[in-house]
Structures are given as structure tokens and as C-alpha cells.
Amino acid sequence: MEAVAVIVALMFAVFVALGVIAVVRSVRAVKRGVDRTVTQARRTVEDTRLKAKQYVQPGAPGEVAELRLSLRTSMRATQEALRAAAPDDPSLSEALALFKRLSTHGQEIDADLKRLEAEPDKARVAGSLPELRERVERVTHSADSLRWAAQDRARQFADDDLAMLSEQIRMEAGALRHWTTEEEPQAAPTEAGAGARTPGAGTGSGTGSAGVGAEGVTAPETEPERPAITARDAWRQPGYSWQKTRRPESTT
């Protein structure tokens with residue numbers, strides 16, 4: 001009984017542990033989903049605010065908002081393109097590492113632009129804009145180059161795969177239509193007939209030569225031999241006009 005109780009206690013402990021692990025994983029998955037949703041919502045709100053500020057506030061504040069929006073859009077598009085293509089193309093691991101380093105510079109520039117956006121001194125904002133604009137252009141150009149290269153690589157792979165697939169389909173279609181490639185020999189029956197008649201001509205010439213006698217007198221030419229009939233009936237036997245038909249004995 002004590003062994004049974006120990007086994008039951010162990011099974012209960014295992015079930016409880018499994019239940020706790022399942023609950024913890026579920027909670028973590030829900031938390032990640034909530035964090036992802038909150039991040040996307042904040043990003044959407046921030047982008048909308050920057051777009052509105054870009055058109056509502058002209059001058060330096062509007063230009064700062066435009067630079068931030070351009071930087072965020074380029075970095076986000078490159079990140080999504082690389083992450084989407086990386087599972088199918090292991091060669092993009094180096095590109096991902098480079099983009100991670102580039103993201104550090106992008107975050108620093110975005111933080112500087114955000115501080116400049118809250119700067120009340122308009123002269124200081126106008127003086128800092130040229131340098132920040134150059135840095136933003138360098139980062140966005142690098143991010144765009146990585147994104148375009150990854151897209152061109154994926155497109156080239158798709159074109160190569162499509163070309164290979166088209167060639168395989170063409171070969172398979174030709175194999176399925178194999179009867180169109182086989183030509184029936186047209187001259188074979190004619191050649192066979194000519195070959196069949198050739199021995200006959202040789203036989204005729206041999207018969208003509210056989211008509212020469214010992215005294216050197218040439219026999220008259222005979223008619224060409226007629227083809228033999230394998231089965232002959234009595235009533236079909238050839239006869240001459242002066243021969244009478246034999247009557248049966250019972251006829252009077």
C-alpha cells in the first residue's frame with residue numbers, strides 16, 4: 001500500500017508540474033502577444049503624429065518630423081524584408097548582423113531628432129538640422145541598399161527556379177507526346193516490294209539462258225512465268241478450245 005501511495009503521489013506531482021509549465025508558457029505567449037500589439041499600436045500612433053506634424057507645422061519642426069518618419073519607415077521596411085527572407089536564405093545572416101549594427105546608429109539619430117523636436121529654441125533647431133539630415137540620409141541609404149539587395153536576390157532565385165521548372169515541364173510534355181516524335185517509315189514497303197520482285201527477274205534471265213542447246217541453237221523466247229497458284233480446283237484447270245469436256249460414264 002505504501003508503494004501505491006508513493007506512485008500516486010509522484011504521478012500527481014508530475015501532473016501538477018506539467019500543468020504549471022503549460023500555464024507559464026501560455027502566460028508568456030499571451031504577454032508577448034500583448035507586448036507586440038502595444039508596440040504596434042504605439043508605432044502607429046507615433047507615425048500618425050509625425051505625419052500630421054509634417055503637414056501642420058511648416059519650417060524646422062515639420063522638417064524634423066519628416067526626417068524621423070523617413071528614418072523609421074526605411075529601417076522598419078528593411079528589418080521586415082530581411083527577417084522574412086532569412087529563413088529561406090541562410091546567406092542573409094551577415095546582412096542581418098550588419099543591419100543590427102546599423103539599427104544602433106538609427107536609434108541614436110532618432111533619439112537626437114526626438115530631443116530636437118522638443119527644443120524650444122528655433123535657431124538651435126535650424127542649426128542642427130543639416131548635420132542630422134546628412135546622418136539620416138546615410139543611414140536610410142544603407143538600409144535601402146540592404147533591402148533592395150535582399151529583394152533582388154529573392155527575385156533572382158524565383159526567376160531561376162521558374163526557368164528550371166519551365167524546362168522540366170517542357171521535357172515532361174515532350175515525353176508525354178512521344179508519339180509525335182516517331183515517324184513511320186514510308187519507303188519501307190516500296191523497297192520490300194522491289195526486293196521481292198528482283199529474284200523473279202533473275203529467274204527469267206536464267207530461263208532464257210537455259211534455252212541454248214548443245215549445238216549452239218538458241219531456243220525461242222518463252223513467255224514470262226505466271227505466278228503459281230497454291231490451290232487448284234479441278235473445274236478451274238485450264239484447257240484448250242478443241243478439247244472436249246469429259247462426260248461421266250453414266251451419261252448416255
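Small disclaimer: the values here were computed from a predicted structure and weren't measured.
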Just how far is it from atom OG of S166 to atom CG of D161, taken to the nearest 0.5 Å? 9.0 Å
Taking the side chain as every heavy atom from C-beta outward, state whether F99 and M75 have any pair of such atoms under 4.5 Å apart. yes
For residues 58-66, please give each side-chain donor-acceptor pair under 3.5 Å, one per line with the distance, not counting sequence neighbours.
| unit_1 | atom_1 | unit_2 | atom_2 | d |
| --- | --- | --- | --- | --- |
| E63 | OE1 | R133 | NH2 | 3.4 |
| E63 | OE2 | R133 | NE | 2.8 |
| E63 | OE2 | R133 | NH2 | 2.0 |

Return the minimal non-hydrogen interatomic distance between L102 and A143, and the atom names on each side. CD2-N, 3.6 Å
Atom CD in E119, atom OG in S128: separation rounded to 0.5 Å? 8.0 Å
Ignoring hydrogens, what is the shortest heavy-atom contact between T78 and D144? Give both atom names and the distance. OG1-N, 4.2 Å
Any idea which heavy atoms bring L96 and A86 closest together, and the distance? CD1-CB, 3.6 Å
Look at the side chain of S93 and the backbone N and O of P90, then say whether any donor-acceptor pair between them is shorter than 3.5 Å. yes
Determine whether T104 and K100 make a side-chain contact, defined as any pair of heavy atoms from C-beta on separated by less than 4.5 Å. no
In terms of hydrophobic clusters joined by side-chain contacts under 4.5 Å, are V139 and L82 together? yes
Using side-chain heavy atoms (C-beta onward) and a distance below 4.5 Å, is L50 in contact with R72? yes
Minimal heavy-atom distance between L71 and G106, with the atoms involved, is CD2-O, 3.5 Å
dist H141:NE2 -> L146:CG (nearest 0.5 Å) comes out at 10.0 Å
Taking the side chain from S74 and the backbone from S70, do they hold a donor-acceptor pair closer than 3.5 Å? no
Looking at residues at least two apart in the chain, or sitting in another chain, which of them share a side chain to side chain contact (heavy atoms under 4.5 Å, CB included) with V27? V23
Sequence neighbours excluded - salt bridge (charged side-chain N to carboxylate O under 4.0 Å, His left out) pairs with any residue from residues 75-95: D47-R76, D89-R153
To the nearest 0.5 angstrom, please state how far the CG atom of D159 sits from the CG atom of D152. 10.5 Å
Within the 4.5 Å heavy-atom criterion, are K53 and E117 side-chain neighbours or not? yes
Quick one: do L69 and L132 end up in the same hydrophobic cluster if we chain Ile, Leu, Val, Met, Phe, Trp and Tyr together by side-chain heavy atoms under 4.5 Å apart? no
Verify same cluster id: V125, V136 (apolar side-chain graph, 4.5 Å): yes
Nearest heavy-atom pair of A126 and P130: which atoms, and what distance? O-CD, 3.4 Å
With hydrophobic residues grouped by side-chain heavy-atom distances under 4.5 Å, do L18 and L10 end up in a single group? no
Matching residue for D112 among R135, R68, Q107 - test: side-chain hydrogen bond (donor to acceptor under 3.5 Å, both in side chains): R135
Same apolar cluster: F157 and L165, side chain cutoff 4.5 Å: no
Once rounded to the nearest 0.5 Å, what's the spacing between atom CD1 of I169 and atom CG of L176? 11.5 Å
Is the shortest heavy-atom distance from the side chain of L67 to the side chain of L129 under 4.5 Å? yes
side-chain hydrogen bond (donor to acceptor under 3.5 Å, both in side chains) with R170: which of E167, Q168, E172? E167
